[in-house]
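This one's a predicted model, so the numbers in the text were calculated from it and none came from an experiment. Just the heavy atoms: all of them, side chains too, but no hydrogens, waters or symmetry mates, feed the values below. By convention in this document, chain letters (A, B, ...) are assigned in the order of the sequence lines, proteins followed by strands, and residues within each chain are numbered from 1.
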Amino acid sequence: MGKLDPSASEPLYGFMPRNVTGAADHDLNPFTKAPHTAQYRKILEARKKLPVFAQMDDFLEMFNKNQIIVMVGETGSGKTTQIPQFVAFSDLPHTRGKLVACTQPRRVAAMSVAKRVADEMDVQLGRQVGYSIRFEDMTEPGTTFLKYMTDGMLLREAMHDNNLERYSTIILDEAHERTLATDILMGLLKDLAKRRSDLKIIVMSATLDAVKFQKYFSLRSEASAPLFKVPGRTHPVEVFYTQEPEPDYVEAAIRTVLMIHRAEEPGDILLFLTGEEEIEDACRKIKIEADDLVNQDPDSVGPLVCIPLYSSLPPQQQQRIFDPAPKSSKEGGPPGRKIVVSTNIAETSLTIDGIVYVVDPGFSKQKVYNPRIRVESLLVSPISKASAQQRAGRAGRTRPGKCFRLYTEKDFIKELEEQTYPEILRSNLANTVLELVNLGIKDLVHFDYVDAPAPETLMRALELLNFLAAMDDEGNLTALGKLMAEFPLDPQLAKLLISSPEFNCSNEILTITAMLSVPNVWLRPNNQRREADAAKELFTVPESDHLTLLNVYNQFILNKWDKNWTWTNYLSARALGQAENVRSQLQRIMERLDIDLVSLDDEIKLFLNVRKALVCGFFMQVAHKEGDKGSYTTVKDHQVVGLHPSCGLKTQPEWVLFNEFVLTTRPYIRTVTEVRTEWLMEFAPLYFDLKTFPDGEMKRALQRAYNKKMGISNPRSESRNESRKGTPTVEVREVKRRRKE
DNA sequence: GAGCACTGC
């Protein structure tokens with residue numbers, strides 16, 4: 001029992017901060033003062049069986065004595081639900097108007113864990129226990145004292161409160177996943193711990209990274225942060241390797257799956273492949289071969305269903321992974337089996353119960369960043385040992401299982417990296433650098449990273465921010481940069497949005513920005529490509545894919561009453577709904593920052609202005625047509641690229657501005673708008689400074705435009721919206737306010 | 001004439 005003293009004043013109920021034991025066994029709920037429900041007692045019994053529960057007193061002792069703890073617990077230890085509760089009982093944050101925060105890399109995890117913990121504590125979700133994720137704040141200020149949140153959300157909060165004063169303890173969960181946000185938070189918290197001796201920090205991770213984190217979080221150079229260990233609770237998984245390397249991993253995977261189906265005990269199979277196309281293809285082949293097997297030998301081979309799983313699948317189809325395995329085709333016949341063929345989404349984000357066999361070819365698509373040409377691309381690469389272990393673990397969630405690795409044991413030991421490269425080493429950091437500078441970190445190169453990014457990556461980010469006029473030459477954030485950091489957008493998009501009132505089209509740019517921030521809205525089912533392309537054609541604005549996106553969004557809003565509209569037009573209702581959500585969030589931020597929402601009545605002029613505005617954000621992503629084979633060369637980087645086949649442009653204009661550079665079968669630029677030479681020189685004079693261009697077609701084109709401009713002499717353009725001159729002044733003419741919600 | 005690993009604000 002805790003130190004219950006009935007005379008003590010509420011709401012402490014006799015608890016002493018940092019001195020609580022046996023916190024769960026009271027008759028009354030100390031937070032609501034209501035008697036505990038029967039459900040509470042029942043859940044409490046289950047909690048008591050968790051490995052971590054037995055270590056509560058040990059944990060509290062270590063927690064009370066130390067400012068920073070590194071904690072490891074394998075799956076099934078209960079750390080994510082229990083540790084934050086132990087901390088809350090020790091901190092009693094509500095008595096001091098503070099909160100305990102626990103971060104998660106994913107939204108669903110933050111939501112579902114918060115719900116579970118609210119039940120465990122016998123309180124209503126959103127009151128004492130809540131969660132906070134983008135678009136949804138399920139907390140009650142003044143009441144909530146235990147908050148689960150996404151790591152990105154805590155990073156946003158840090159921008160407005162550098163000391164994170166509201167929190168008594170911050171718990172970073174799943175730190176081993178090394179998301180960009182977690183990595184930045186680790187750096188910030190390490191520094192913050194020195195300034196706020198009252199703040200406690202717990203870093204929770206899988207076993208392999210613990211020593212690295214312990215060393216990183218040693219506040220005094222001699223002592224590592226203490227480690228608290230909790231055993232996991234999973235079933236054993238037997239691991240098999242191939243004798244020889246497999247030349248074709250998809251073929252080998254299909255063979256292995258069928259071998260399991262024929263020869264192994266009942267139990268579902270999880271096969272990891274790398275992407276949508278590969279998965280759909282493998283499912284087709286498995287289905288054909290399995291049907292063959294059943295036909296040949298119906299007495300010993302049962303039916304098999306093959307279920308694809310990847311993130312772009314509609315939620316309804318994703319749900320199919322929870323369907324039970326098929327029944328025997330006849331009474332007393334061989335049992336059926338379910339096989340899920342999945343991307344990495346089944347490695348961490350989604351858990352499928354009943355999986356007994358895992359087939360792991362050892363590959364996944366991974367993001368890589370090339371700072372030289374500023375391109376992020378996806379590459380099929382070997383996974384890490386940690387990842388292979390995680391995959392194998394998926395076979396042992398309900399009972400002992402087996403994992404078939406389609407590579408040799410020698411390759412596993414010698415060739416696979418220990419850990420997946422952290423995201424911070426594989427990403428374009430333009431956004432992150434803007435965030436860090438906004439957080440007051442000026443010396444980005446010497447910031448205390450867990451793993452420091454390549455200096456060239458940081459230089460590229462700084463260069464971009466400088467060209468966008470977000471930072472001055474001394475590395476300080478400009479007024480414009482401050483505004484840009486307020487938006488959850490890439491710097492180019494933020495700059496575009498902030499510049500758009502100058503062109504009287506901020507309502508339209510707001511829509512385009514939202515559309516560019518969500519997944520692809522165009523659906524193109526394999527067997528209906530022609531119909532889908534024809535449907536898309538009807539929305540196409542010939543000179544600009546950006547305007548096409550604007551058009552689609554506006555039509556979507558006009559037809560919202562029609563449930564079939566998206567479907568008949570081959571559009572993703574999910575993505576369009578997300579765009580609507582993002583748009584309203586961005587609009588709220590614009591209103592808060594007093595950025596005007598304006599439009600023009602004249603559509604021709606409006607569309608021209610939208611294209612001009614695009615130049616203000618994307619002048620660094622422009623390509624010039626070279627030769628007559630339809631190929632383009634990007635400005636400054638001189639990459640030869642083609643217009644992506646999805647591009648709606650009817651001609652091949654001399655200059656195009658693009659949203660992204662994708663490296664697939666060949667280099668493509670995607671989501672493209674035709675722009676004019678004089679716009680480039682007028683709205684990005686420093687980037688398109690003739691002196692900086694080598695001789696060639698591009699320079700000659702710029703020279704022609706320059707001569708023409710000098711000929712007609714336009715003094716106004718000299719002073720207009722120079723790219724390094726900070727916030728553009730807003731001119732409002734012919735304006736009407738629209739969509740004022 | 002092609003794709004979208006997965007997250008997050």
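Among the heavy atoms of the strands lying under 4.0 Å from A:Thr665 are primed sugar atoms or P, OP1, OP2 only; no base atom is included. Residue contacts shown for A:Ser364 are absent, as no nucleic acid heavy atom lies under 4.0 Å away. Within the nucleic acid shown, A:Phe487 has no heavy atom closer than 4.0 Å to any nucleic acid atom. As judged by a 4.0 angstrom heavy-atom cut-off over every strand, A:Asp490 is placed among residues making no nucleic acid contact. Within the nucleic acid shown, A:Leu180 has no heavy atom closer than 4.0 Å to any nucleic acid atom. Counting non-hydrogen atoms under 4.0 angstrom, A:Arg134 reaches a base of the nucleic acid.
Ring-plane geometry between A:Phe556 and A:Tyr553 is classed as tilted, the angle between the planes lying from 30 to 60 degrees on a 0 to 90 degree scale.
Checking the phosphate oxygens (OP1, OP2) of B:dG3, no side-chain nitrogen or oxygen of A:Ser646 falls inside 4.0 Å. Phosphate contact (OP1/OP2 of B:dT7, side-chain N/O of A:Thr179, threshold under 4.0 Å): absent. Contact check, A:Thr150 against B:dT7: no side-chain N or O comes under 4.0 Å of OP1 or OP2.
For the residue pair A:Arg460 and A:Pro371, the shortest heavy atom distance occurs at NE-O, 2.8 Å.
The A:Glu276 side chain lies nearest to B:dA5 when the options are B:dA5, B:dG3, B:dC9. For A:Pro645, counting side-chain heavy atoms from C-beta on, the closest listed nucleotide (B:dC9, B:dG3, B:dG1) is B:dG1. Which of B:dC6, B:dC9, B:dA2 sits closest to the side chain of A:Tyr310 comes down to B:dC6. Picking from B:dG3, B:dT7, B:dC9 the nucleotide with the shortest atom distance to the side chain of A:Arg529 gives B:dG3. Across B:dC9, B:dA5, B:dG3, the shortest atom-to-atom separation from the side chain of A:Arg156 is found for B:dC9. Side-chain atoms of A:Thr664 lie closest to B:dG3 of the nucleotides B:dG3, B:dG1, B:dC9.
Atom-to-atom, CZ of A:Phe658 to P of B:dA2 comes out at 19 Å; the value is rounded to the nearest Å. Atom CD in A:Gln587 sits about 20 Å away from atom P in B:dC9, given to the nearest Å. Atom CG of A:Asp151 is separated from atom C1' of B:dT7 by 9 Å (rounded to the nearest Å). Between the C1' atom of B:dC6 and the OH atom of A:Tyr369 lies a distance of 20 Å, rounded to the nearest Å. Note: CG (A:Leu378) to C1' (B:dA5) measures 6 Å, nearest angstrom. Atom CZ of A:Arg426 is separated from atom P of B:dT7 by 14 Å (rounded to the nearest Å). As a whole-Å value, the separation of A:Phe661 CZ from B:dG3 P is 13 Å. Summarising the geometry, the separation between CE on A:Met149 and C1' on B:dG8 is reported as 12 Å, rounded to the nearest angstrom.
Residues A:Gln585 and A:Ser349 each lie close to DNA chain B; by heavy-atom proximity, the contact nearer the 5' end of the strand is made by A:Ser349. Mapping A:Leu663 and A:Pro488 onto DNA chain B by nearest heavy atom places A:Leu663 closer to the 5' end of the strand.
Looking only at side-chain heavy atoms (C-beta outward), A:Glu415 and A:Pro382 stay at 4.5 Å or farther from each other.
Residue side chain A:Arg524 reaches the base of B:dA2 through a donor-acceptor N/O pair under 3.5 Å, judged by distance alone.
Annotation: A:Phe618 is not in aromatic contact with A:Phe658 [ring centroid separation under 6.0 Å not met].
A cation-pi arrangement is present between A:Arg391 and A:Phe272, with the terminal nitrogen or guanidinium carbon under 6.0 Å from the aromatic centre and inside a 45° cone about the axis.
Side-chain N/O atoms of A:Glu278 and A:Thr274 include a donor and acceptor closer than 3.5 Å.
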